[in-house]
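Ligands are counted one by one from 1 in listed order, and the atoms in each one are counted from 1 as well.
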Amino acid sequence: MEKTTFVTLKELQAIDQHFPTPYHLYDERGIRENARNLRKAFAWNAGFKEYFAVKATPNPYIMQILKEEGCGSDCSSLTELMLSEACGIVGGDIMFSSNETPAQEYQLAQRLGAIINLDDITHIDFLEGALGLIPETICCRYNPGGYFTVSNSIMDNPGDAKYGMTTEQILQAFRILKNKGAKRFGIHAFLASNTVSNEYYPALAKVLFSLAVRLKKEVGVAVDFVNLSGGIGIPYRPGQAANDISLIGEEVRKVYEETLVPAGLVEVALYTELGRYMLAPYGCLVTKAIHEKHTHKEYIGVDACAVNLMRPAMYGAYHHITVAGKEDSVCDHTYDVVGALCENNDKFAIDRELPKIDMGDYLIIHDTGAHGFSMGYNYNGKLRSAELLKKPDGTVEMIRRAETPRDYFATFDFSKEYGALAR
Ligand SMILES: *Cc1c(COP(=O)(O)O)cnc(C)c1O
């Protein structure tokens, strides 16, 4: 598939009158359409709900849009819970899928009425200690170990992942939870990340539905919901075929009918906790070419850097780049597109074929809507950028301002001389 952008050079020039580069820009129309298609794909399941993985794009304006499209939130930290509450997403609309969780965070989750998803069998006692009770609704995270394969190819390596309980542990966990008075039960697993394959969810559903059948037979626990979690990916590279969400929904329905229904589990709600799939394609990082350097290689220096988008530096991830206004030009130049960090991995692209780039050109770095801004940091004293939202009517609203040096210095001791930096 060709990679396209949701913003034109003319629009970027207009935005520049109000907001300097770099910034992350999100496309409200795309976010809404995609969320609706996901709901449609799982409409056959009466209890279906997407809990948006807040860590992907922790911005209340984005969460509000998704809330309007029927989504809850999947949180795993104190501040994510606070964000969710601020958006009016509370109670059973919060999934708290955390790990290595401090007691205080379980307490806030419980106060908000969130569904707590336990990462380990030892967390039963920890949770009871923190809350003084076991919630009536409880979920446990499963990790079957080994490699997760689909059609004989390895998708990921759960045996090497820190998350979840073994089969024996999760069966035992539900025995204990049931004895302690829990009444509504759910199971969860996240076995592969960024899958660009229509087969991941159906294969994962098979694993979890089979576990649900065992839980019913061996423990006497009929699960109320199965949480398929995140992991549906997007085509970051041109030429990759996108997932077909309606096909995925349909294939999961088949597995549901083959596995759960014969065991008498006919009213199991399906939940998802998608982050990347909900947002990644509907955000981009807009940056300007400010330097060119001709040494052993051809470099284009831009005004964004890895603090604005860490994925290329961290995982060597591919993010497509479009030079605004040169969409149809031949890609007859080979560049490294680099940021300002004093780190040689601060490269948005290496040996990338692009049209000739001139100083002042806008570079649109694609698919930064999830795990983009949110992975940001302040290395080299670099500041986080603004986040902007392109509304369906084409207008652009700032949904988070850029950091200023005062934000960067805000945690110094105000009572002492260096506190002056923060004022
Ligand atoms: C990160 C995460 C997600 C979202 O993952 P994506 O790859 O963005 O879909 C969902 N659930 C949990 C528990 C996570 O840690």
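Ranked by closest heavy atom to atom 7 (O) of ligand 1, the top entry among Gly231, Gly275, Ala280 is Gly231. The heavy atom nearest to atom 2 (C) of ligand 1, out of those in Glu273, His371, Lys55, is found in Lys55.
Taking 4.5 Å as the limit, some side-chain heavy atom of Leu191 sits within range of a side-chain heavy atom of Pro144. Counting only heavy atoms from C-beta outward, the side chains of Thr287 and Asn308 never approach each other to under 4.5 Å. Contact of the His319 side chain with the Leu309 side chain is registered, since non-hydrogen atoms from C-beta on lie closer than 4.5 Å. Within the 4.5 Å cutoff, side-chain heavy atoms of Trp44 are placed close to those of Tyr256.
Counting atoms of ligand 1 from 1 in the listed order, those under 4.0 Å from a heavy atom of Arg276 are 6 (P), 7 (O), 8 (O), 9 (O). Taking every non-hydrogen atom of Asp74 and a distance limit under 4.0 Å, the qualifying atoms of ligand 1 come out as 10 (C), 11 (N), 12 (C).
The aromatic rings of Phe126 and His123 are tilted relative to each other, their planes meeting at an angle between 30° and 60°.
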**OP:** Decide salt bridge (Lys or Arg N to Asp or Glu O under 4.0 Å) for Lys3 and Asp367; before the verdict, give the C-alpha distance in whole Å, the side-chain angles of both, and the deciding distance to 0.1 Å.
**Re:** CA-CA 10 Å; Lys3 299 292 289 179; Asp367 302 320; 2.6 Å; yes
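Contact between Phe190 and ligand 1 is present, with at least one heavy atom of the residue lying under 4.0 Å from the ligand. Within the structure, the closest approach of Ala370 to ligand 1 does not fall below 4.0 Å when heavy atoms are considered.
Between Ser229 and ligand 1, at least one pair of N/O atoms sits closer than 3.5 Å. In terms of N/O distances under 3.5 Å, ligand 1 is not approached by Ser193. Annotation: Arg141 places no N or O atom under 3.5 Å from an N or O atom of ligand 1; distance criterion only.
Contact annotation for Ala53 and ligand 1: only side-chain heavy atoms (C-beta onward) come within less than 4.0 Å of the ligand.
Salt-bridge check for Glu11 with Lys390: passed, with a basic side-chain N closer than 4.0 Å to an acidic carboxylate O.
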